[in-house]
Amino acid sequence: MKRTYSLIICLMLAVMAWGSNKASYDVVPLPRSIQATAEKPFVLSSQCFIAFPENNSLMERNARFLSAYITKATGIALSTQPYADNVKGRKAVMRKTNAVVLTINPKVEGKEAYRLTVSAKGIAIEGSTPNGVFYGIQTMRKSLPVLNHAQERTPEATVIEMPAAIISDCPRFGYRGMHLDISRHFFPVDVVKEYIDIMALHNMNTFHWHISDDQGWRIEIKKYPRLAQLGSQRSQTVIGRNMGIYDNTPYGGYYTQEQAREVVAYAQERYITVIPEIDMPGHMLGALKAYPELGCTGGPYEVEGTWGVFDDILCAGNDKTFEFVEGVLDEIMQIFPSEIIHIGGDEAPRTRWKACPKCQQRIRELSLKGDGQYPAEAKLQGYFTSRVEKYLNDRGRRILGWDELLEGDVNPSAMIMSWRGVEGGLQASAQGHDVVMAPTSHCYFDYYQEDPENWCSTTLFKGFVSLEKAYSLDPAPESLPEEAQKHILGAQANIWTEYIPYKSLLQYQMLPRAGALSEVQWVMPAQKDYQQFLQRERRMLDIYRLYGYTFCPAEFKEKK
């Protein structure tokens with residue numbers, strides 16, 4: 001009997017060794033502190049479980065996410081179990097030797113900070129909030145090897161060695177964003193959700209959703225139904241880079257309010273805030289097609305099938321314009337709980353305003369005058385912006401706009417997104433504006449990321465942001481005065497979709513540059529090392545492949 005028992009034990013050990021794999025904490029973004037300890041590793045197997053504090057729905061959801069991540073990567077299925085959220089309950093679950101314990105610990109400083117402790121007895125992921133625990137879960141997830149499920153072994157026989165360590169981590173910036181334009185090319189809800197999943201994988205917390213433009217209005221507004229009926233449809237789309245050749249194919253699409261709320265809820269579950277952008281007063285041909293009385297000339301207007309900047313914008317001298325804007329924003333605020341509403345403000349030519357009697361009358365009534373650098377019409381846009389800002393402020397919201405807002409003497413309370421380089425952001429922060437850095441030089445992911453010699457002139461926007469260039473951004477350089485640095489909230493990359501009509505190309509433009517951006521957003525400058533990042537990002541490629549994400553392999557090919 002004893003010989004039989006010993007034989008069974010030997011066979012079990014052999015199977016475990018056959019299925020053993022090691023985790024690595026060389027993840028992206030790199031945690032702030034990783035301290036190896038002398039303990040033996042924790043053995044993660046199908047005999048383990050994930051524990052979460054009872055009566056905490058957010059932590060229960062975190063546990064389910066972690067279980068699904070582990071199963072996806074390794075095939076190991078872990079159950080989730082609640083524990084009594086008191087001293088006795090926590091001690092009882094921590095005494096178990098096969099548990100991954102998720103814990104709210106107020107002593108972990110920082111809303112998004114976490115501590116991940118791995119010992120031979122178990123794993124503890126602690127944060128002062130469920131948000132922090134979620135980022136600890138992402139680190140554990142990314143540390144796991146991606147196993148080949150085609151191997152002839154069962155998940156029950158697979159074990160993962162987790163090296164004993166204490167990881168303490170928190171992000172450098174509180175705003176860690178990605179932007180997606182769905183006006184030029186429209187993407188269905190499931191594609192947007194997958195985009196959000198990729199953001200969560202990279203510890204990002206803000207999704208900037210650009211949902212209206214000259215080429216299409218993409219969200220239902222019940223007070224103004226023609227926005228969806230007419231403003232979402234263009235009769236044709238230009239081929240290539242405004243070559244003057246068109247596909248002669250109608251193109252359209254929009255999200256119902258229910259679908260938009262579905263995206264918001266999906267993002268919230270991953271601790272991502274959705275910031276909607278309704279660009280104004282420019283980039284409004286989708287709206288002007290539906291309501292031509294809001295333009296300076298009265299139209300007729302067409303939803304644009306070409307790319308660029310167009311003279312027809314909202315009439316700032318028309319009171320109906322503000323009635324329209326407020327009506328739209330009322331419904332946007334009902335859909336999107338974000339404190340921040342992006343109102344654009346970029347690329348708004350004032351050509352029509354110069355010739356518009358109503359706009360000129362408004363300028364006279366307000367005694368607006370140019371200042372030598374900017375004309376009176378720029379100050380009129382400042383009035384437009386401030387009026388919209390007050391409307392939103394009165395309802396507990398803040399505005400965020402592109403750096404052109406600085407041309408109109410806007411209030412310091414307006415947030416600025418610096419896209420025409422970092423200079424606008426540095427200027428804005430010095431003036432007391434909160435700033436998000438998104439310069440074209442580093443953060444426009446619709447630009448090429450491969451060797452310029454490989455460019456096709458009609459395929460993508462002809463700019464170049466390499467993986468290394470994206471990695472090199474410092475949103476808040478040391479040269480900036482301390483007071484101004486406090487106003488740099490973080491960084492964001494933008495993907496404009498003039499030349500990106502397909503999900504695979506969208507992901508290709510996003511990855512692996514999202515990995516580089518995540519380190520810009522999360523990691524302290526002294527820790528950044530591009531060559532080391534490349535080695536860690538190689539491991540991320542396995543995760544991209546696991547989920548079927550398309551990515552650019554250029555930087556990881558053998559150099560000839």
Side-chain angles (χ1 to χ4, degrees), residues 175 208-212 219 221 223-224 227 273-284 287 291 293-296 313-348 350 353 356 358-371 374-418 424-425 427-429 431-436 487 489:
Y175 186 111
H208 174 181
W209 205 8
H210 185 86
I211 50 180
S212 71
I219 191 164
I221 301 296
K223 185 175 182 179
Y224 297 102
L227 289 172
T273 298
V274 181
I275 294 179
E277 181 183 357
I278 303 295
D279 204 344
M280 59 183 82
H283 290 294
M284 269 284 179
Y291 297 95
E293 66 272 18
L294 302 177
C296 290
I313 66 176
L314 293 177
C315 178
N318 186 349
D319 286 335
K320 288 186 177 179
T321 294
F322 294 98
E323 179 185 330
F324 167 80
V325 167
E326 291 168 4
V328 167
L329 291 175
D330 284 342
E331 296 192 31
I332 290 294
M333 286 186 283
Q334 292 171 11
I335 300 166
F336 298 93
S338 166
E339 179 190 6
I340 300 169
I341 305 292
H342 203 302
I343 64 166
D346 65 313
E347 298 178 332
R350 295 124 190 173
W353 288 2
C356 174
K358 291 181 179 179
C359 290
Q360 291 303 308
Q361 178 62 26
R362 182 85 72 184
I363 287 172
R364 288 190 293 271
E365 290 173 354
L366 297 171
S367 300
L368 300 176
K369 299 183 184 302
D371 58 10
Y374 299 112
E377 287 75 20
K379 307 306 177 183
L380 180 59
Q381 185 172 347
Y383 162 78
F384 181 102
T385 300
S386 296
R387 183 164 169 174
V388 173
E389 180 183 25
K390 185 179 185 308
Y391 189 81
L392 290 171
N393 289 167
D394 288 347
R395 288 151 183 80
R397 307 300 180 99
R398 297 183 69 187
I399 67 164
L400 173 60
W402 304 105
D403 54 56
E404 283 96 330
L405 294 190
L406 296 172
E407 300 172 10
D409 299 329
V410 292
N411 298 322
S413 55
M415 300 172 63
I416 301 299
M417 184 165 279
S418 187
Q427 173 192 346
S429 64
Q431 294 175 5
H433 295 276
D434 286 339
V435 172
V436 176
H487 288 289
L489 303 183

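Please read all numbers here as calculations on a predicted model, not as lab measurements.
- Under the side chain to side chain contact (heavy atoms under 4.5 Å, CB included) rule, Leu405 has a single partner from Leu400, Asn411, Thr385, which is Thr385.
- Take Tyr374 and apply the side chain to side chain donor-acceptor pair (under 3.5 Å) test, not counting sequence neighbours, and it matches no residue.
- Looking at every heavy atom in both residues, Arg398 comes nearest to Ser413 through NH2-O, 3.4 Å.
- Within the 4.5 Å cutoff, the side chain of Phe324 has heavy atoms near those of the Leu227 side chain.
- The minimum heavy-atom distance between Gly425 and Val435, with the atom names listed, is O-CG2, 3.5 Å.
- Screening Asp319, Leu368, Asn318 against Arg362 for a side chain to side chain contact (heavy atoms under 4.5 Å, CB included) leaves a single residue, Asp319.
- Across Asp279 and Gly345, no two heavy atoms sit closer than the pair OD1-N, 3.0 Å.
- Across every non-hydrogen atom of Val274 and Ser338, the tightest pair is O-CB, 3.3 Å.
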Could you give me the CA-CA distance, side-chain angles and deciding distance for Trp209 and Ile219, then say whether side-chain contact (heavy atoms from CB on, under 4.5 Å) is met?
CA-CA 11 Å; Trp209 205 8; Ile219 191 164; 5.8 Å; no
Go through Gln427 and Leu406 one step at a time and tell me if the side-chain contact (heavy atoms from CB on, under 4.5 Å) criterion holds.
CA-CA 9 Å; Gln427 173 192 346; Leu406 296 172; 4.2 Å; yes
For side-chain contact (heavy atoms from CB on, under 4.5 Å), just list the numbers for Val325 and Tyr391, CA-CA rounded to whole Å, side-chain angles, deciding distance to a tenth of an Å, and then say yes or no.
CA-CA 10 Å; Val325 167; Tyr391 189 81; over 6 Å; no
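- Contact of the Asp330 side chain with the Lys223 side chain is not registered, since no non-hydrogen atoms from C-beta on lie closer than 4.5 Å.
- Trp353 and Cys315 get closest at one heavy-atom pair: NE1-CA, 4.1 Å.
- Using a 4.5 Å heavy-atom threshold, the side chains of Val410 and His433 count as touching.
- Smallest separation of non-hydrogen atoms from Lys320 and Leu294: O-CD2, 3.7 Å.
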Hey, mind stepping through His208 and Trp402 against ring-ring contact (aromatic ring centres under 6.0 Å, His included) and telling me if it holds?
CA-CA 12 Å; His208 174 181; Trp402 304 105; 5.7 Å; yes
Show the numbers, then the answer: is there a side-chain contact (heavy atoms from CB on, under 4.5 Å) between Met333 and Leu392?
CA-CA 9 Å; Met333 286 186 283; Leu392 290 171; 3.7 Å; yes
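- Here the side chains of Thr273 and Glu339 are not in contact, with every heavy-atom distance at 4.5 Å or above.
- Using a distance-only test at 3.5 Å, with no hydrogens or angles considered, no donor-acceptor pair links the side chain of His342 to the main chain of Pro276.
- A heavy-atom distance below 4.5 Å is found between the side chains of Phe384 and Thr321.
- With hydrogens and angles ignored, the 3.5 Å screen pairs no side-chain donor or acceptor of Glu404 with any backbone N or O of Ala348.
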Can you check side-chain hydrogen bond (donor to acceptor under 3.5 Å, both in side chains) on Gln381 and Glu377, steps first, answer last?
CA-CA 6 Å; Gln381 185 172 347; Glu377 287 75 20; over 6 Å; no
